[in-house]
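One structure is given here, and the rest of the page talks about it.
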Amino acid sequence: MARTLSLLLASLGLVAAENGLNAWLRYAPLPDANSYHPALPSNIVALNTTETSPVYVAGLELQKGLQGIFGKQVDISHTNCNAPLSVVVGTVNEYTAVCGKTEVPELKEDGFWLSTQGNTVQILGQNERGALYGAFEYLSMLAQGNFSRVAYATNPSAPVRWVNQWDNLDGSIERGYGGASIFFANGVVVNNLTRAAEYARLLASIRLNAVVVNNVNANSSILTPQNIEGLGRIADVFRPYGVQLGISLDFASPMDLGGLSTYDPLDPSVIAWWTNITDQLYQRIPDMAGYLVKADSEGQPGPLVYNRTLAQGANLFAKALQPYGGIVMFRAFVYNQLNESDWKADRAKAAVEFFQGLDGQFDDNVVVQIKYGPIDFQVREPTSPLFAHLQQTNTAIELEVTQEYLGQQCHLVYLPPLWKTVLDFDLRVNQQPSLVRDIITGQRFNRPLGGSAAVVNVGTNTTWLGSHLAMSNLYAYGRLAWDPADDPQSILQDWIRLTFGLDPSVIDTITQMSMESWPAYENYSGNLGIQTLTDILYTHFGPNPASQDNNGWGQWTRADHKTIGMDRTVWNGTGYSGQYPQEIYEMYEHIETTPDDLVLWFHHVNYTHRLHSGKTVIQHFYDAHYSGAETAQTFVTQWESLKGKIDNERYNDVLFRLIYQAGHSIIWRDAINNFYWNLSGIPDEANRVGNHPWRVEAESMTLSGYKAYAVSPFETASNYTAIVTTTNTTTGTATTTLEFPSGTYDLAVNYYDLIGGRSHWQIYLNNRTVGEWVGNNEDTLGHAPSIYLDGHSASRITFRGVQVKKGDILKIVGIPDGIEPAPLDYISLLPPGIVD
């Protein structure tokens, strides 16, 4: 029946609904699939009969893929290597033992050989994991309609290709925007690990080999006997996909869980305690990948409490893991709160200062995990100079797939172009080529370990990350972890074909949107190196530039009425530029050679300082924020051009988010521009900032049951004021006579959608209903919500094609709910082609 329904849908030109759970592993039928049957494999030979073996799983995956893509049922055997039209999958050694010797280029660990030449497809891995990777590679080619005759070997750039989950034992996820944890609930590992197995399958398909399943802000109770057993069950469902399990540790566990009086890493009782715990873990999980440790950062305990070095802290775990081949990933994210009044204080210097002098003191199974920039996953940062300092230490780059500061999956932001600014950066250590990608892969300093880690934070949502388009970042992370020299646009287009199909218009449109998305977000959030001007003290989502300063967290802009930017020079500032090798230091030390996109990161300047572009800093801010928001509006119309070419479920879900982003980009634009216009007193040369001829402020309407409300931060409301109902049980009405010329308009309403209530609004023209909506973004978006009227809760809804006559009476009725007092900011009547 299911097959009949699929054929019927295809004959009608309809696209079957999808919820995103299969991500890029959809194995969707190719057009004219039957025509390919004679050339396809008729037999699958999986050279391992153990059902938990990645080779056995590879056979099943090949069977599933051939069935889905071509509708062809292919049987699996385990020995018949010479059958015609076969696909043979296994390790090189298994192939030699069962099928005879074959010529294969030298493979590194996890590498594989793929040959589609001749009558037999060969997929041979250096190990079983590599064989599974090769099977996914072959299926990826077929799913994209690629039937090339190929014969090549591919090897990973580095052995460490890890994912970090920030899941808490209670089932919540720190900086998670795709639902609750797939691993934990109520303090223990969940019983049903189906989604964990599906996650391992996705990761294996992009050649990622380990998952740290719990938050770096770790809970000691992860090490209780019950949870060790639960972790073992997770490892069991990971193992068939070649994915290893890792865990984050709380440095103080010997005291908090073990009852010791100390967690000093040199104390014999502490060493014995960790050795015993590690033995217990490996007894249950013999292939455990290792530990991730966050220490002496953001209030977390660590070795510095006992005047021990970070290397001594890391080596405590390294020695316990060494007999088992485990790895310690030791985070370089170590810093203290600082006093902003100290001109030389600078959080960006912390990593180098804390790790200075420790190079060569870490054990060989320690990898120092370094964030791509020296602050915290901002929209643009210079490359962390720590990569240049650890020449006798294994290092890995830490990226963030979850969009913590970058729109939290509510905004389309394709991240690989951002990551490549760091991966491709040449640090010029000792005046020699020193690309970051060559440092983390061990090529530059000849280190045996290294690679990549990324914070991903998938959840129970069927889209995994909360957004279909956000999954391009996870796919691309895996591809770049394997080969950091890969091209972001090529990776993206592979993902589009696998996720949305082969229609050229679909590929071209999503490519354009995605490649424009990071520059657009940078433009309407924070540019010139000023960081993402979000609220760093609350949710990290909406705009709040004032929150950057006057606190100890160190993400400062040092903006005042005349000047802006951090002076990080050696001659007059914090000295941060001096942490780079000489050639890079010289570039950043001097404003004449500092790129415009990082000028405010390295220099404190007047708002009237002229950039290399010829614009002043303040005018660049105004122009960039308008440009970025205008680009975000185009995402909606571009996506709408794909209606009917993508299934309705995913089409509508993405459209909803893109419409939200278009509205929120305007909130970002106005908030940042109003803040710096107010601070500097310098007007926009184009007279856009503060000038909105198509708006009607809510507080200027005739109000009943509503009252004016001063919004904080002030810049997150138009004219700094909104309206709220007089009580949380009073229905409010706001009425105005429209004085715009008669015509057809898009009617936009800016309002606030607070968590803790689902207000209901209705809008009328001359008592004729134009539309209504409910404030339920907390149910639909998944980002970190707000209980306040601010840049996080600010939202917009637009009713298109509304016929208006001059003199019409517009009325909005707001019905509050819970703590949400049906807040309104303004309306805009927008003629065609006008962006508010």
If you apply the rule side-chain contact (heavy atoms from CB on, under 4.5 Å), what do you find for Leu281 with Leu223, and how did you get there? CA-CA 8 Å; Leu281 282 161; Leu223 300 174; 4.1 Å; yes

Under 3.5 Å donor-acceptor, Arg331 side chain and Gln369 backbone: no

Working note: Tyr282 + Tyr324, criterion ring pair (Phe, Tyr, Trp, His ring centres under 6.0 Å); need CA distance, chi angles, decisive distance, verdict. CA-CA 8 Å; Tyr282 275 93; Tyr324 303 101; 4.3 Å; yes

Taking Asn214's backbone N and O only, do any of them form a donor-acceptor pair with Asp167's side chain (distance below 3.5 Å, no angle check)? no

Any donor and acceptor pair, going by atom type alone, linking the side chain of Gln122 with main-chain N or O of Val88 inside 3.5 Å? no

Less than 4.0 angstrom from a charged side-chain N to a carboxylate O is my criterion; do Arg195 and Glu198 meet it? yes

Describe, in one word, how the ring planes of Phe70 and Phe147 are oriented to each other, choosing from parallel (under 30°), tilted (30 to 60°) and perpendicular (over 60°). tilted

Could you grab the distance from atom CD1 of Ile507 to atom CD of Gln144, nearest 0.5 Å is fine? 8.5 Å

Inspect the contact between Lys371 and Glu400 and indicate whether a charged nitrogen and a carboxylate oxygen are less than 4.0 angstrom apart. no

If we ignore angles and hydrogens, is there a donor and acceptor under 3.5 Å between the side chains of Asn127 and Asp110? yes

Residue pair Tyr27, Glu61: steps toward the side-chain hydrogen bond (donor to acceptor under 3.5 Å, both in side chains) verdict: CA-CA 10 Å; Tyr27 301 144; Glu61 199 69 35; 2.8 Å; yes

Are any side-chain N or O atoms of Ser86 and backbone N or O atoms of Ala83, one a donor and one an acceptor, separated by less than 3.5 Å? yes

Any donor-acceptor pair under 3.5 Å linking the side-chain atoms of Asn48 with those of Glu94? yes

Less than 4.0 Å between a side-chain N and a carboxylate O, is that true for Asp287 and Arg239? yes

Does the Arg175 side chain pair with the main chain of Trp166, one donor and one acceptor, at a distance under 3.5 Å? no

Any luck finding a side-chain donor-acceptor pair between Tyr291 and Thr278 under 3.5 Å? yes

With no hydrogens and no angle check, just 3.5 Å: does a side-chain donor-acceptor pair link Tyr152 and Glu137? yes

Phe184 side, atom CZ; Asp170 side, atom CG - distance, nearest 0.5 Å: 10.5 Å

Is a side-chain donor-acceptor pair under 3.5 Å present for Thr194 with Asn192? yes

Hey, what's the ring geometry for Phe183 with Phe238, parallel, tilted or perpendicular (30° and 60° as the breaks)? perpendicular

Does some side-chain heavy atom of Tyr477 sit less than 4.5 Å from a side-chain heavy atom of Ser452? yes

Show the nearest heavy-atom pair for residues Trp495 and His468, with the distance to one decimal. CZ2-O, 3.5 Å

If only side-chain N and O atoms count, and only distance matters, is there a donor-acceptor pair under 3.5 Å linking Glu174 with Asn217? yes

Between Gln403 and His411, which heavy-atom pair has the shortest distance, and what is it? NE2-O, 3.0 Å

Within-4.5 Å side-chain heavy-atom neighbours: Trp113 and Thr154: no

Correct closest heavy-atom pair for Leu114 and Tyr138 would be CD1-CB, 4.1 Å

Atom pair CD1/CD of Ile228 and Gln283 - distance to nearest 0.5 Å: 9.5 Å

Is the backbone of Val45 close enough, under 3.5 Å, to the side chain of Asn80 for a donor and an acceptor to pair up by distance? no

Salt-bridge criterion met for Asp494 and Arg479 (N-O under 4.0 Å): yes

Going through the checks in order, is the side-chain contact (heavy atoms from CB on, under 4.5 Å) test met by Thr224 and Glu229? CA-CA 9 Å; Thr224 63; Glu229 173 55 32; over 6 Å; no

Say whether Ser53 and Glu128, considering side chains only, have a donor N or O and an acceptor N or O under 3.5 Å apart. yes

Given the rule in the side-chain contact (heavy atoms from CB on, under 4.5 Å) test, do Tyr414 and Leu492 qualify, once you have shown the distances and angles that lead to the verdict? CA-CA 9 Å; Tyr414 181 56; Leu492 172 68; 3.5 Å; yes

Atom CG in Asn215, atom CG in Leu169: separation rounded to 0.5 Å? 9.0 Å

Hey, does Asn164 have a side-chain heavy atom less than 4.5 Å from the side chain of Val456? no

Heavy atoms of Ser181 and Thr460 approach each other most closely as O-CG2, 3.6 Å

Closest heavy-atom pair, Gly466 versus Arg657, reported as atoms and distance to 0.1 Å, is O-NH2, 2.7 Å

Under 30°, 30 to 60°, or over 60°: which ring-plane class applies to Tyr372 and Phe377, parallel, tilted or perpendicular? tilted

In the structure I gave you, are the side-chain heavy atoms of Leu292 and Val216 within less than 4.5 Å of one another anywhere? yes

Any side-chain heavy atom of Ile76 sitting closer than 4.5 Å to one from His78? yes

Tell me whether Asp75 contacts the main-chain N or O of Asn43 through its side chain, where contact means a donor paired with an acceptor under 3.5 Å. no

Any heavy-atom pair between the side chains of Asn191 and Arg233 that's under 4.5 Å? yes

Checking Val89 against Leu132 for the side-chain contact (heavy atoms from CB on, under 4.5 Å) test, could you report, in this order, the C-alpha distance in whole Å, the side-chain angles of both residues, the deciding distance, and whether it holds? CA-CA 8 Å; Val89 60; Leu132 178 59; over 6 Å; no

The side chain to side chain contact (heavy atoms under 4.5 Å, CB included) partner of Ile397 among Val160, Ile370, Ile440, Leu480 is Ile440

Are Arg201 and Leu25 close enough that some pair of their side-chain heavy atoms sits under 4.5 Å apart? yes

If we ignore hydrogens and angles and just use 3.5 Å, is the side chain of Asn19 paired with the main-chain N or O of Leu21 as donor and acceptor? yes

Determine, step by step, whether Ser148 and Asn146 satisfy the side-chain hydrogen bond (donor to acceptor under 3.5 Å, both in side chains) criterion, reporting the C-alpha distance in whole Å, the side-chain angles of both residues, the deciding distance to 0.1 Å, and the verdict. CA-CA 6 Å; Ser148 302; Asn146 180 357; 2.6 Å; yes

One thing to verify: whether Asp250 and Lys294 come together as a salt bridge, which I'm taking to mean a side-chain N less than 4.0 angstrom from a carboxylate O. no

Looking only at atom types and distance, does a side-chain atom of Ser157 sit under 3.5 Å from a main-chain N or O of Ala481, one as donor and one as acceptor? yes

Quick check against the 3.5 Å criterion: does Asn473 have a side-chain atom that pairs as donor or acceptor with the backbone of Val413? yes

How close do Gly326 and Asn365 get, counting heavy atoms only, and between which atoms? O-ND2, 3.1 Å

Would Arg207 pass as a cation-pi partner of Trp482, given that its NZ or CZ must be under 6.0 Å from the six-membered ring centre and within 45 degrees of the axis? yes

N-O pairing of Asp653 and Arg650 below 4.0 Å: no

Lys/Arg N to Asp/Glu carboxylate O, Asp236 vs Arg284, below 4.0 Å: yes

Hey, what do you get for CE (Met329) to CG (Leu249), rounding to the nearest 0.5 Å? 13.5 Å

What's the spacing between Asp438 CG and Gln443 CD if we round to 0.5 Å? 4.5 Å

Do Met471 and Tyr475 come within less than 4.5 Å of each other through their side chains, counting heavy atoms only? no

